[in-house]
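Below is one structure, written out as C-alpha cells; the observations come after it.
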Amino acid sequence: MTKYTAVKGMNDCLPPETRKWQALEQLARDTFASYGYSEIRTPIVEKTALFTRSVGETTSIVEKEMYSFVDQGDEALTLRPEGTAPVVRSYIESGMANQHPNAKLYYMGPMFRRERPQKGRYRQFHQIGVEIFGTAAPAADAEMIAMVWDLLDHQLHLPDLALEINSIGCAGCRPEFLRTLETYLASRAEKLCTDCQRRMKKNPMRVLDCKNEKCRELLQDAPSIHEFWCEGCQSHFTEVQAMLKLLHVPYIVNHRIVRGLDYYMRTAFEVITTRLGAQSAVVAGGRYDGLVRQLGGPDVPGVGFAIGEERLMLLLEDAGTLSVKEEQHVCFALLGEAARKALLPVIRELRHHGVSVQWDYEDRSLKAQMKHADKLGAKWVVIVGDEELANKVVQVKTLATGDQETMSIDKLVTYFSEKCS
RNA sequence: GUGGCUGUAGUUCAGUUGGUUAGAACACCUGAUUGUGAUUCAGGGGGUCGUGGGUUCAAGUCCCAUCAGCCACCCCA
C-alpha cells in the first residue's frame with residue numbers, strides 16, 4: 001500500500017475510462033442543445049447557508065453529509081452536495097431572473113456527500129442536471145422528462161429502465177395529507193420497525209416506502225397522496241401524463257415516490273433500474289416552484305432533474321452500448337538527428353490538419369521505436385532514416401497487416417488527412 | 001453511524017489438516033547479429049503474504065486489534 005491514497009469514496013478516472021466519460025457528456029450536451037438548453041457553470045463551493053436553507057435543515061444531507069468548513073476569512077463554506085441550489089442562486093444573483101426569466105439550463109460536474117461508499121454511491125460523485133425556470137406549465141415537466149428518456153433510451157440504448165412518476169402535492173394540499181398520515185402512523189407506531197419510528201418524525205412519507213415486510217403489510221390501507229391532491233395538482237399531473245403519452249414515453253405512476261430534498265412539490269419522477277445493486281435511481285427530479293422565491297428571488301417556478309453519472313456509467317458498462325470512437329494515430333520512427341530536423345515540421349503540419357501524431361522522444365533504435373509505437377496503439381508507423389531522407393521519401397507501415405509502402409514526404413499530409421478525417 | 005465479506009508480485013488469483021528458499025497467468029525488462037512492432041522461442045527482475053501484537057518448536061495459513069477495499073443498512077443521483 002502506497003503512502004498517499006485517494007480520499008475514501010473519491011475515485012480517479014484514468015484513461016481509457018476518461019474517453020467514455022467524454023463521450024457520455026458530449027452526447028448529453030448534444031441532446032440538451034437540441035432541446036434548447038444552455039450550459040451554466042457555478043462554483044463547487046458555496047456558502048453553507050445556501051444549502052441549509054434550500055435542501056432543508058432536517059434532511060440527512062444537511063445534518064450529516066455535507067463537507068463544510070470555515071475558511072481563513074471565517075466564512076462558513078460547503079462543497080456542493082447537489083446542483084439545483086447553486087444554479088438557483090446564480091439565476092437570482094446574475095439578474096437572469098429579471099432579464100430572461102424563462103431559462104433552460106444544464107450543468108455537469110462533481111458533487112460531494114460524506115456517506116459510506118458502496119456500489120453506485122461515492123463521496124465525490126458526478127451529476128448531469130437540467131433546470132427550467134419561469135414556467136409552471138405541465139408541458140415543461142413532460143418535455144423535460146421526455147428529453148432524459150430520449151437520452152437514456154434512444155441515444156444510449158439502455159435496457160431495463162423504468163420511468164416512475166408521481167405528484168407529491170403542493171403547499172396547499174400536502175399539509176392535510178401529512179396530518180392525516182401522521183395520525184394514521186401514530187395509531188400503529190409501536191408495530192412499525194425502528195427505522196420507521198424514526199422516519200415518522202423526520203419524513204413521514206418515507207415510511208410508506210419501507211422495505212420491511214411487516215411494515216408493508218401494516219400500511220396497506222395507509223392514506224395515499226393522490227387522495228388529497230387539490231384541483232391544481234390533479235390537473236397538472238393529468239396533463240403531464242397526457243403529454244408523456246403523446247410523446248410515447250412509457251411510464252408508470254408510483255404514489256410512493258418521495259423526494260429527499262425539501263424544496264420539491266407536484267411532479268416527482270425517477271428513472272430506476274434493477275441492475276445497480278442496492279441503488280435504483282439513475283435519474284431523479286421534480287418541480288420546485290417555491291424555491292427561487294425562498295432563496296430571495298422573484299416568484300419564479302422551476303423544474304429539473306439530475307442524472308447520477310457514475311450510476312449511468314455502471315449501466316453503460318454493463319450493457320456495452322456506449323460507443324467510443326477509436327482514435328487513429330500515426331507514430332513516427334525518426335532515426336537520427338537529420339530525420340528529426342526534416343520531419344518535425346511535417347509532423348506539426350499533420351497535427352494542424354487534425355491528425356494525431358506521436359514520435360519517440362528518446363533517440364532509440366528502430367526496434368525500440370517500433371515497440372513504442374505498438375504500445376501506443378498506433379495504426380501506422382512512418383519510418384524515416386538516412387536512406388529515405390536521401391530520396392525524400394518515407395516508409396509507411398500499417399501495423400495491423402504489416403504492409404509497408406514507400407511514399408514521398410510531400411504526400412504525407414494529404415494521405416493522412418484523408419485517412420483520419 | 002451500524003453490520004457482513006475480503007486483504008499474497010504492477011494486475012487477476014492459487015497456496016491443500018500450520019511444516020524446508022511463497023507460486024501461476026498476464027504485464028514488465030533483456031536477448032534470438034546489420035534498419036522493423038505485435039506473434040514465437042530463451043532468459044530475467046519484482047512480494048518484510050495490509051499493519052501491529054499473540055499462540056506455537058514452526059504462522060501466508062490459527063487468535064486479537066488496527067487500517068484499507070468491497071457490499072449492505074440508514075439515506076440518496
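Numbered from 1 within each chain, the chains take letters A, B, ... in sequence-line order. Just so it is clear, the model here is predicted, and its values are computed rather than measured.
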(message) Looking only at the side chain of A:Gln118 (C-beta and beyond, no hydrogens), which of the listed nucleotides B:C71, B:G37, B:G35 gets closest?
(response) B:C71
(request) Could you please name the option among B:G37, B:A77, B:G35 that lies closest to any side-chain atom of A:Lys371? (result) B:G37
(request) State plainly whether the residues A:Lys371 and A:Asp374 are in salt-bridge range, i.e. N to O under 4.0 Å. (result) no
(request) For the side chain of A:Leu335, starting at C-beta, report the closest nucleotide among B:G37, B:G35, B:A77. (result) B:G35
(message) Distance criterion of 3.5 Å, no angle test: do you see the side chain of A:Gln404 paired donor-to-acceptor with the base of B:U36?
(response) yes
(message) Check this for me, if you would: do A:Arg256 and A:Glu164 make a salt bridge, where the nitrogen-to-carboxylate-oxygen distance has to be below 4.0 angstrom?
(response) no
(message) Under 4.0 Å, heavy atoms only, any strand: does A:Leu312 hit a base, just the sugar-phosphate, or nothing?
(response) nothing
(message) Please report the interatomic distance CE(A:Met147) to NZ(A:Lys104), rounded to the nearest 0.5 Å.
(response) 8.0 Å
(message) Taking the minimum atom-to-atom distance to the side chain of A:Arg116, which one of B:C28, B:G3, B:U36 wins?
(response) B:G3
(message) Let's see if you can work this out: which of B:G37, B:A72, B:C28 has an atom nearest to the side-chain heavy atoms of A:Asp374?
(response) B:G37
(message) So which atom in A:Ala378 and which in A:Cys331 form the shortest heavy-atom distance, rounded to 0.1 Å?
(response) CB-CB, 3.7 Å
(request) Look at the side chain of A:Lys397 and the base of B:U36, then say whether one donor and one acceptor between them are separated by less than 3.5 Å. (result) yes
(request) Give the nucleotide from the list B:A77, B:C71, B:G35 with an atom nearest to the side chain of A:Glu387. (result) B:G35
(request) From the options B:G35, B:U36, B:A77, select the nucleotide whose nearest atom is closest to the side chain of A:Glu115. (result) B:A77
